[in-house]
*Asks:* 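Quick one: structure below, then a few questions.
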Amino acid sequence: MKIDILTLFPEMFAPLEHSIVGKARDKGLLEISYHNFRDHAEKARHVDDEPYGGGQGMLLRAQPIFDCMEQIEQKNPRVILLDPAGRTFNQTYAEELAQEEQLIFICGHYEGYDERIKSLVTDEVSLGDYVLTGGELAAMTMIDATVRLIPEVIGKEASHTDDSFSSGLLEYPQYTRPYDFRGMQVPEVLMSGHHEKIRQWRLYQSLKKTYQRRPDLLVGYPLTVEESQMLEQIEKES
Ligand code: SAM
């Protein structure tokens with residue numbers, strides 16, 4: 001995958017040098033290029049200006065971003081504008097982006113953008129219902145969540161297919177050695193070596209956690225017969 005990032009602060013992206021994303025870059029599975037659109041500003045490197053009609057703050061001008069985009073080699077990319085008014089990012093969205101060959105992120109700053117910049121983009125994306133100082137942290141979060149879904153980036157595919165949200169449910173509780181830690185013991189079923197019982201226990205725990213913490217995820221979730229029976233049981237217990 002090729003990722004191009006338009007930003008005024010390329011140095012903010014240091015976290016993408018490390019961990020899984022850094023390794024994906026080392027393995028050649030991912031290439032990231034930074035483009036400081038200040039370098040393309042015609043008017044004395046001014047990237048911002050006052051809004052027409054008055055109002056507080058400064059807006060990013062269209063010219064530096066248009067000129068910057070024109071010098072990026074593009075192969076049918078998804079062009080993502082970080083914007084609190086956009087579609088909210090989630091795991092399904094990350095799975096969709098992981099299929100793409102090229103992603104271009106445009107990180108905003110100040111009070112926002114000249115609206116005409118939006119003619120360049122395919123997606124307007126928000127990280128959530130809050131306002132960040134700039135789009136950089138949002139872009140990094142999206143890149144991290146997307147890159148780990150690219151085949152071969154994480155060793156075993158199963159490492160993420162069981163993750164919360166990937167299956168549509170929250171992940172079941174997990175334990176590692178020792179069996180007894182300060183009087184807290186691992187559930188017996190996980191010690192049994194009985195694969196079918198362990199699968200049932202994990203599915204039950206996933207459903208229970210989702211029912212208790214995020215019942216909204218169960219709306220429209222396609223329950224199997226087994227899951228429906230488990231959910232009835234969970235509802236009775238609670
Ligand atoms: N005045 C804008 C508004 O009310 O929508 C907020 C501008 S914010 C201070 C500056 C930039 O940070 C935005 O243009 C966007 O690129 C980024 N940003 C802020 N909050 C964000 C969010 N929740 N998701 C994605 N990007 C965000």
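Counting starts at 1 for both ligands and their atoms, following the listed order.
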*Asks:* Does atom CD of Glu152 have more than 12 heavy-atom neighbours from other groups under 6.0 Å away?
*Replies:* no
*Asks:* Is it true that Arg78 and Asp123 make a salt bridge, defined as a side-chain N closer than 4.0 Å to a carboxylate O?
*Replies:* yes
*Asks:* Quick one: ligand 1 N/O to protein N/O pairs below 3.5 Å?
*Replies:*
{"unit_1": "ligand 1", "atom_1": "1 (N)", "unit_2": "Glu111", "atom_2": "O", "d": "2.7"}
{"unit_1": "ligand 1", "atom_1": "1 (N)", "unit_2": "Glu111", "atom_2": "OE1", "d": "3.1"}
{"unit_1": "ligand 1", "atom_1": "16 (O)", "unit_2": "Leu82", "atom_2": "O", "d": "2.7"}
{"unit_1": "ligand 1", "atom_1": "16 (O)", "unit_2": "Gly108", "atom_2": "N", "d": "3.1"}
{"unit_1": "ligand 1", "atom_1": "16 (O)", "unit_2": "Tyr113", "atom_2": "OH", "d": "3.0"}
{"unit_1": "ligand 1", "atom_1": "20 (N)", "unit_2": "Leu132", "atom_2": "N", "d": "2.9"}
{"unit_1": "ligand 1", "atom_1": "23 (N)", "unit_2": "Gly128", "atom_2": "O", "d": "3.1"}
{"unit_1": "ligand 1", "atom_1": "23 (N)", "unit_2": "Tyr130", "atom_2": "O", "d": "2.8"}
{"unit_1": "ligand 1", "atom_1": "24 (N)", "unit_2": "Leu127", "atom_2": "N", "d": "2.9"}

*Asks:* May I ask you to check whether over 12 heavy atoms, not counting those of Glu101, lie within 6.0 Å of atom CD?
*Replies:* no
*Asks:* Could you give all pairs that pass the ring pair (Phe, Tyr, Trp, His ring centres under 6.0 Å) test and reach residues 192-238, with sequence neighbours left out?
*Replies:* none
*Asks:* Mind jotting down which residue pairs meet the ring pair (Phe, Tyr, Trp, His ring centres under 6.0 Å) criterion with at least one end in residues 9-33? Sequence neighbours excluded, please.
*Replies:* Phe9-His109, Phe13-Tyr34
*Asks:* Could you name each residue pair satisfying ring pair (Phe, Tyr, Trp, His ring centres under 6.0 Å) that touches residues 37-88, not counting sequence neighbours?
*Replies:* none
